[in-house]
**Q** 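One structure coming up, written as structure tokens, with questions to follow.
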Amino acid sequence: MITDNLFQVKKTLVEGVELIAVSKTKPASDIQTLYDAGQRAFGENKVQELVDKYEVLPKDIQWHLIGHLQTNKVKYIAPFVHLIHGVDSFKLLKEINKEAAKCQRIIPCLLQFHIAQEETKFGFSFEEAQEMLESNEFVELQHVNIHGVMGMASFTEDTQLIHEEFQTLHNYFQLIKSHYFKFNPDFKELSMGMSGDYQIAMEEGSTMVRVGSTIFGSR
Ligand SMILES: *Cc1c(COP(=O)(O)O)cnc(C)c1O
């Protein structure tokens, strides 16, 4: 059943778009089922849950931390996390850098931007990100590598608004790439789109979609 859902979603993906299967709240057995069907990239939003699943599941799974991350929890995922999508403050990025150094790793990160109208969604404003990227302190971080940006659109039926919000994020992506990461080929990811809006996100240039309930069922 969830394997069928996975294949259905995969059929709808634009070529080159990576699927992150968002397995939060779902049992490790579901993840194993999709792993056996070939899926390797999974997304979780809680550190403890991510660590628990990491410990019992195959070690070649690529674990994506997709939700808000508290600085005091970075240390638990630093040894193995594949990509941190929700970097929403300079303080957090510095903490990731510090813990990555202890593990002798360079951790791939995405900068999360606030693009939705809702107040509750985390993320940088464009100005805040610029300020960070232009600081000397940022340039000195040797153990993080910024692979791109991430954002969540408003939870709404208004598809025009969703289009506009994803366009805004795409625009930020291009501006930041041309100003700060022109010579970093790793800066190429635009993580946008969830079950309800990933088709729109792909129309707006998404390279990575984070799909949970359409694959695993409602939570
Ligand atoms: C839960 C979650 C998703 C997946 O949401 P679905 O609507 O179940 O596809 C994607 N991104 C983030 C940041 C999430 O927290």
Side-chain angles (χ1 to χ4, degrees), residues 1-14 17-28 30-31 33-34 39-53 61-70 73-74 77 81-89 92-93 96 108-124 147-159 161-162 165-166 168-170 172-173 189-219:
M1 175 54 175
I2 60 173
T3 307
D4 287 346
N5 296 342
L6 175 73
F7 289 136
Q8 289 302 328
V9 169
K10 282 175 78 99
K11 261 194 255 170
T12 65
L13 295 183
V14 170
V17 173
E18 188 184 0
L19 173 63
I20 314 304
V22 176
S23 46
K24 63 190 187 196
T25 78
K26 301 296 176 183
D30 279 3
I31 299 173
T33 299
L34 296 190
Q39 179 68 20
R40 291 294 178 272
F42 292 90
E44 292 283 339
N45 70 339
K46 297 233 157 57
V47 166
Q48 187 59 54
E49 190 177 342
L50 174 52
V51 170
D52 290 346
K53 288 171 174 173
I61 287 179
Q62 297 168 355
W63 292 105
H64 293 245
L65 199 283
I66 59 168
H68 180 64
L69 175 57
Q70 287 171 281
K73 296 197 171 153
V74 172
I77 58 167
V81 70
H82 184 75
L83 179 62
I84 298 177
H85 290 234
V87 176
D88 57 4
S89 73
L92 176 59
L93 189 66
I96 296 168
C109 296
L110 303 179
L111 303 180
Q112 181 173 359
F113 283 89
H114 184 280
I115 53 167
Q117 295 199 323
E118 286 118 74
E119 275 296 321
T120 53
K121 306 232 159 119
F122 293 99
F124 285 104
H147 282 212
V149 304
M150 178 270 209
M152 289 164 83
S154 296
F155 186 70
T156 173
E157 304 278 284
D158 182 352
T159 55
L161 179 62
I162 299 172
E165 290 173 352
F166 285 148
T168 298
L169 188 61
H170 195 161
Y172 291 171
F173 170 82
E189 305 297 354
L190 194 39
S191 169
M192 57 185 195
M194 314 178 17
S195 289
D197 58 19
Y198 76 93
Q199 313 260 15
I200 298 176
M202 290 190 299
E203 285 173 40
E204 298 301 343
S206 174
T207 66
M208 223 176 230
V209 294
R210 311 175 309 269
V211 179
S213 45
T214 299
I215 298 172
F216 291 95
S218 58
R219 289 180 293 273

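Counting convention: from 1, in listed order, for ligands and their atoms alike. What's counted below: heavy atoms across the whole structure, side chains too, no hydrogens, waters or symmetry copies.
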**Q** Is there a donor in the side chain of Ser23 and an acceptor in the side chain of Glu44, or the other way round, less than 3.5 Å apart?
**A** yes
**Q** Could you find the nearest protein heavy atom to atom 4 (C) of ligand 1 and give me its residue, atom name and distance?
**A** Arg210 O, 3.6 Å
**Q** Looking at atom 9 (O) of ligand 1, what's its closest protein heavy atom, distance included?
**A** Ser195 OG, 2.5 Å
**Q** Under a plain distance cut-off of 3.5 Å, with no hydrogens placed, do Gln8 and Asp4 share a side-chain donor-acceptor pair?
**A** no
**Q** For atom 13 (C) of ligand 1, what is the closest protein heavy atom, and at what distance to 0.1 Å?
**A** Ile66 O, 3.4 Å
**Q** Would you check if Asp197 and Phe166 make a side-chain contact, meaning some heavy-atom pair closer than 4.5 Å?
**A** yes
**Q** Determine whether any heavy atom of Arg219 lies closer than 4.0 Å to an atom of ligand 1.
**A** yes
**Q** Around atom 5 (O) of ligand 1, find the nearest protein heavy atom and jot down its residue, atom name and distance.
**A** Met194 CE, 3.4 Å
**Q** Backbone or side chain, does any N or O of Asn45 fall under 3.5 Å from an N or O of ligand 1?
**A** no
**Q** Quick one, Leu19 and Gln39 - any side-chain contact, counting heavy atoms below 4.5 Å?
**A** yes
**Q** Contact between Val211 and ligand 1, counting heavy atoms under 4.0 Å?
**A** yes
**Q** Verify, without hydrogens or angle tests, whether His147 (side chain) and Glu189 (backbone) share a donor-acceptor contact under 3.5 angstrom.
**A** no
**Q** Just say parallel, tilted or perpendicular for the rings of Phe122 and His68, cut-offs at 30° and 60°.
**A** parallel
**Q** Are side-chain heavy atoms of Thr3 and Leu34 found at a separation under 4.5 Å?
**A** yes
**Q** Show which atoms of ligand 1 fall inside a sub-4.0 Å distance from at least one heavy-atom site of Met152.
**A** 13 (C)
**Q** Has ligand 1 got any nitrogen or oxygen that is less than 3.5 angstrom from a nitrogen or oxygen of Thr214?
**A** no
**Q** Can you tell me which residue and heavy atom of the protein come closest to atom 15 (O) of ligand 1, and the distance to 0.1 Å?
**A** Lys24 NZ, 2.7 Å
